[in-house]
J.: 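Pasting in a structure now, in structure tokens, and then I'll have a few things to ask.
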Amino acid sequence: MKKRIDSALLEAENAKRESDLNSDYAALGEKLARADIDIETITAKAGEFQVAVPSWGTGTGGTRFARFPGEGEPRNIFEKLEDCAVINELSGCTDSVSPHFPWDKVDDFSELKQQADEYGLKWVSVNSNTFQDQPGQEHSYKYGSLSNTQKASRDLAIQHNLDVIEYGQKLGAKSLTVWVGDGSNHPGQQHFQRAFERYLASMEEIYKGLPDDWEMHIEHKMFEPAFYSTIIQDWGSNLLAAMHLGPKCKSLVDLGHHAPNTNIEMIVSRLIQFKKLGGFHFNDSKYGDDDLDSGSLHPYQQFLIFNELVDAEYRNQEGFGPAYMLDQSHNVTDPAESLINSAIEVQRSYVKALLVNREALYGFQEGNDALMASLELKNAFNLDVSPILAMARLRKGSAIDPLAVYRQAGYRKAMAEARPRDPNATGSGIV
Ligand code: PSV
Ligand code: MN
Ligand code: MN
């Protein structure tokens, strides 16, 4: 497999840390063994865990006020893929990429697929973009796309989604994620029911174009860019649409798309129960769709979500198999560093959730022992599983300390030279 980080450097950095890791791992293994948990089983599962990287996350995001790009940022999808390869090489848990069209401009899909294959990267969900007009676009999305009152705009948005499915097929992807910015800013501006009917009719056309082995994922979002109402404002509308459309359509949960304090883990449980959980966009937030690094503010919430996911896995819940992905906007960090760190934080939540004694928890729940039930979760959350994560990385040839290797490699500096900044470049993910 083609590498972008010097293997000699990676091995030397790992060698410096290996003996400390072995001691920490042995100590944690002993501790877990006292609770009848086999550390090797957990480490093997950690090694299997993967979360996809969004192509747009590899560049500085920006806000609606400004964008402050860093040196050496990728200028096209091929360079974004290069950064995704680095992120995966070091973290060992991001073996797939999710592209966004037409932000990602591709002339030759086979060339792009070949580059991904060489890096051992897969393509997962493809994302359509009908939340902004493209230069020269004939029928605007200013008043909505799939739910626009004007048929010509709706048709354009439908056709774009069908095109995106075709691009995805060329790359070997298996799902389409649809998020639209449709909504209204003024009470009375939009007839709620008619707008939703138009949206559903448009989505039916896209659904018809899905290949047999594909899924379609709908992303709900409470507000922004529309600030009074949004067509798929929450998981309720999302689920209604997914149920209306059929079994290949499922709901996607982006953590930042809910009101603060929403019990997201319970939404996740409901979607699991009705076989409608399509996937996740992980990120963290304090106020709205802040798109901050995963687990940077609410690691316990992220753990509680994984508690539901691992529970479904444990119970062999039928129809369960969500796609995991990051969806973040990096404004003050090196995007590659944030993505490495965030992927590991998501993996950390998964591993901690594996430590919960499910049968004990069910017993506390049945016996209405609220305190012991909550401690069963809290004790798992409080355990530092870093040695497991580091060991999983070491065993697959990734870095014990990914950020240290990234910085030692001087990757960003090298890219600043290799990728002189295009003064006309626009944002690679400003939403
Ligand atoms: C919308 O806020 C969103 O979360 C959707 O996933 C978009 O595709 C993505 O952000 C674009 O940045
Ligand atoms: Mn998202
Ligand atoms: Mn978002």
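Read the numbers this way: they start at 1 and go in the same order the structure lists the ligands and their atoms.
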J.: Just which atoms of ligand 1 are under 4.0 Å from any heavy atom in His100?
T.: 7 (C), 8 (O), 11 (C)
J.: Could you point out which residue of Asn129, Asn161, Asp133, Asp182 forms a side chain to side chain donor-acceptor pair (under 3.5 Å) with Ser145?
T.: Asp182
J.: Ring of Tyr207, cation from Lys248 - is the NZ or CZ under 6.0 Å from the centre and inside 45° of the axis?
T.: yes
J.: Using side-chain hydrogen bond (donor to acceptor under 3.5 Å, both in side chains), reason through Ser251 and Asn238 one step at a time and then give a plain yes or no.
T.: CA-CA 6 Å; Ser251 305; Asn238 193 338; 3.0 Å; yes
J.: Give a yes or no on whether Asp289 keeps an N, O or S atom under 2.8 Å from the Mn ion (ligand 2).
T.: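 Asp289 does not place any N, O or S atom closer than 2.8 Å to the Mn ion (ligand 2).
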J.: Checking only N/O/S atoms, does His281 have one that is under 2.8 Å from the Mn ion (ligand 3)?
T.: no
J.: Please determine whether a side-chain nitrogen of the Lys or Arg among Arg17 and Glu13 lies less than 4.0 Å from a carboxylate oxygen of the Asp or Glu.
T.: yes
J.: Quick check on contacts: which atoms of ligand 1 are under 4.0 angstrom from a heavy atom of Asp254?
T.: 4 (O)
J.: In terms of atom number and element, which parts of ligand 1 are under 4.0 angstrom from non-hydrogen atoms of Asp289?
T.: 2 (O)
J.: Flag the pair Asp108 and Lys170 as a salt bridge only when some basic side-chain nitrogen lies within less than 4.0 angstrom of an acidic carboxylate oxygen.
T.: no
J.: When the aromatic ring centroids of Phe306 and Phe303 are compared, is their separation below 6.0 Å?
T.: no
J.: Out of all atoms in ligand 1, which are within 4.0 Å of some heavy atom of Trp56? Include the element for each.
T.: 11 (C), 12 (O)
J.: Between Glu313 and Lys45, is there a salt bridge with N-O shorter than 4.0 Å?
T.: yes
J.: Between Phe101 and Trp123, does the ring centre distance come in under 6.0 Å?
T.: no
J.: Name of the Glu219 N, O or S atom nearest the Mn ion (ligand 2)?
T.: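 It is OE2 of Glu219.
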J.: Answer yes when Asp117 and Lys2 have at least one side-chain N-carboxylate O distance shorter than 4.0 Å, and no when they do not.
T.: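 Here Asp117 does not pair with Lys2 in a salt bridge, since their nearest N and O are not under 4.0 Å apart.
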J.: Tell me which part of Asp327 gets within contact of ligand 1: side chain, backbone, both or neither, using heavy atoms under 4.0 Å.
T.: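 The side chain, only.
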J.: Give yes or no for whether the N/O distance cutoff of 3.5 Å, strictly under, is met between Glu219 and ligand 1.
T.: yes
J.: Could you see which bit of His257 sits under 4.0 Å from ligand 1, with heavy atoms only: side chain, backbone, both or neither?
T.: side chain
J.: Which of the atoms of ligand 1 are close to Lys221, meaning less than 4.0 Å from one of its heavy atoms?
T.: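 Those qualifying, in numeric order: 1 (C), 2 (O).
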J.: What's the atom name of the N, O or S in Asp254 nearest to the Mn ion (ligand 2)?
T.: OD2
J.: Only N/O/S atoms count here: what is the atom of Asp327 closest to the Mn ion (ligand 2) called?
T.: OD2
J.: Hey, which atoms in ligand 1 end up nearer than 4.0 Å to a heavy atom of His281?
T.: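 Taking each heavy atom of His281 in turn, ligand 1 has 6 (O) under 4.0 Å.
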